[in-house]
Amino acid sequence: MDSFEVLIGKNINEVALNESTTFFIAPLEYFYKNCGRRYPASKYKLADLDYFNLISFSDLFKHESILIIWYNDEGIITDLEIYYLSNDFDVLFKDYYYIKKAIDNGEAHKLREGDTKFLGASRLAEKVSQPNSDKLANKRELVLKKKYLQKIINELNFKCIEY
């Protein structure tokens, strides 16, 4: 991990992050709440959702782990952490199956991020056709929800350092 540790203290915009063959690389911004706890600034996009050619669960999660490059609101990288998504594959698969079932039933237009726990079908503005229905549905992305990223932060148990 030595090669990645040199990233700490650098600005996220100055770092070239190439796709890895062994894990997801996720640069994630965080903020601090008034109580001093971290929370993620946004969700993490895994893939575009194609209603007519849905990516398989195994292709979506082709890597069992994620290298999270945490950076603060000033863009400075403060922490690196490998998190094993495979620990949560049971919940992630249930979420995936829920989304797949809605698409198969022609109900993609009814999907909400709140319907699932960790994996979300995040809505985009553009509307497109969907299988098994004449109703248009918003385009979507498959994302790791902020709630899931918060779970990861809580498990990593970051401490607020005061100077």
Side-chain angles (χ1 to χ4, degrees), residues 4 12-13 15-31 33 37-73 75 77 79-158:
F4 285 112
I12 193 70
N13 297 320
V15 177
L17 300 172
N18 300 323
E19 188 174 328
S20 170
T21 57
T22 54
F23 46 78
F24 292 105
I25 296 178
L28 295 173
E29 183 179 8
Y30 67 89
F31 296 102
K33 292 184 180 180
R37 294 188 63 165
R38 285 187 188 189
Y39 68 98
S42 63
K43 46 199 158 198
Y44 177 68
K45 177 185 172 183
L46 292 171
D48 290 320
L49 186 100
D50 181 346
Y51 295 130
F52 291 94
N53 189 20
L54 185 62
I55 187 170
S56 70
F57 183 81
S58 60
D59 285 342
L60 182 62
F61 290 100
K62 61 186 173 230
H63 307 305
E64 292 186 18
S65 58
I66 183 170
L67 171 65
I68 302 173
I69 302 172
W70 295 107
Y71 65 96
N72 61 24
D73 57 349
I77 298 170
D79 299 284
L80 304 170
E81 190 66 43
I82 290 193
Y83 185 83
Y84 293 93
L85 298 168
S86 55
N87 295 335
D88 301 314
F89 274 177
D90 56 339
V91 177
L92 291 165
F93 183 76
K94 285 179 187 175
D95 291 347
Y96 174 86
Y97 183 75
Y98 182 89
I99 294 165
K100 181 181 180 338
K101 185 177 167 188
I103 293 167
D104 290 345
N105 291 337
E107 297 179 345
H109 61 284
K110 293 182 180 179
L111 280 172
R112 297 174 318 155
E113 270 190 77
D115 295 337
T116 54
K117 192 168 181 181
F118 296 158
L119 178 67
S122 182
R123 185 185 312 219
L124 301 173
E126 184 181 345
K127 295 216 176 206
V128 295
S129 60
Q130 63 174 313
N132 304 318
S133 177
D134 57 350
K135 293 188 178 185
L136 294 178
N138 289 80
K139 271 184 113 171
R140 297 178 190 271
E141 301 171 327
L142 292 169
V143 299
L144 296 179
K145 295 169 58 167
K146 284 175 71 171
K147 176 182 177 179
Y148 183 53
L149 299 176
Q150 185 64 55
K151 172 191 176 293
I152 293 172
I153 289 176
N154 294 345
E155 287 181 14
L156 298 175
N157 197 20
F158 288 110

Separation between CZ (Phe23) and CG (Leu67), nearest 0.5 Å, reads 5.0 Å
Side-chain donor-acceptor contact under 3.5 Å, Tyr148 with Asp88: yes
Is there side-chain contact between Leu144 and Leu85, with heavy atoms separated by less than 4.5 Å? yes
Item checked: Side-chain touch Tyr30/Leu149, heavy atoms, less than 4.5 angstrom -> no
(request) Look only at the side chain of Gln130 and the backbone of Ile103, and say whether a donor-acceptor pair between them is shorter than 3.5 Å. (result) no
Worksheet entry | Donor-acceptor side-chain pairing of Lys151 and Tyr83 below 3.5 angstrom | yes
- prompt: Within the side chain of Asp95, is there an N or O that forms a donor-acceptor pair under 3.5 Å with the backbone of Thr116?
  reply: no
N/O donor-acceptor pair under 3.5 Å between Arg140 side chain and Leu49 backbone
no
Taken to the nearest 0.5 Å, the spacing of Ile68 CD1 from Ile25 CD1 works out to 12.0 Å
Distance col, row Asn154:CG vs Arg38:CZ, nearest 0.5 angstrom, shows 11.5 Å
What do the steps show when you test Glu155 against Asn87 for side-chain contact (heavy atoms from CB on, under 4.5 Å), and what is the final call?
CA-CA 12 Å; Glu155 287 181 14; Asn87 295 335; over 6 Å; no
> Would a 4.5 Å heavy-atom cut-off, applied to side chains only, mark Glu29 and Asp73 as touching?
Replying inline: yes
(message) Under a 3.5 Å distance rule, please check whether Lys145 uses its side chain to pair with a backbone N or O of Glu113 as donor and acceptor.
(response) yes
- Item | Asn138 (side chain) donor-acceptor with Leu124 (main chain) under 3.5 angstrom | yes
Between the CZ atom in Phe24 and the CZ atom in Phe61, the distance rounded to the nearest 0.5 Å is 6.5 Å
Rounded to the nearest 0.5 angstrom, the CG-CD1 distance for Leu17 and Ile69 is 4.5 Å
(Q) Taking Leu111's backbone N and O only, do any of them form a donor-acceptor pair with Asp115's side chain (distance below 3.5 Å, no angle check)? (A) no
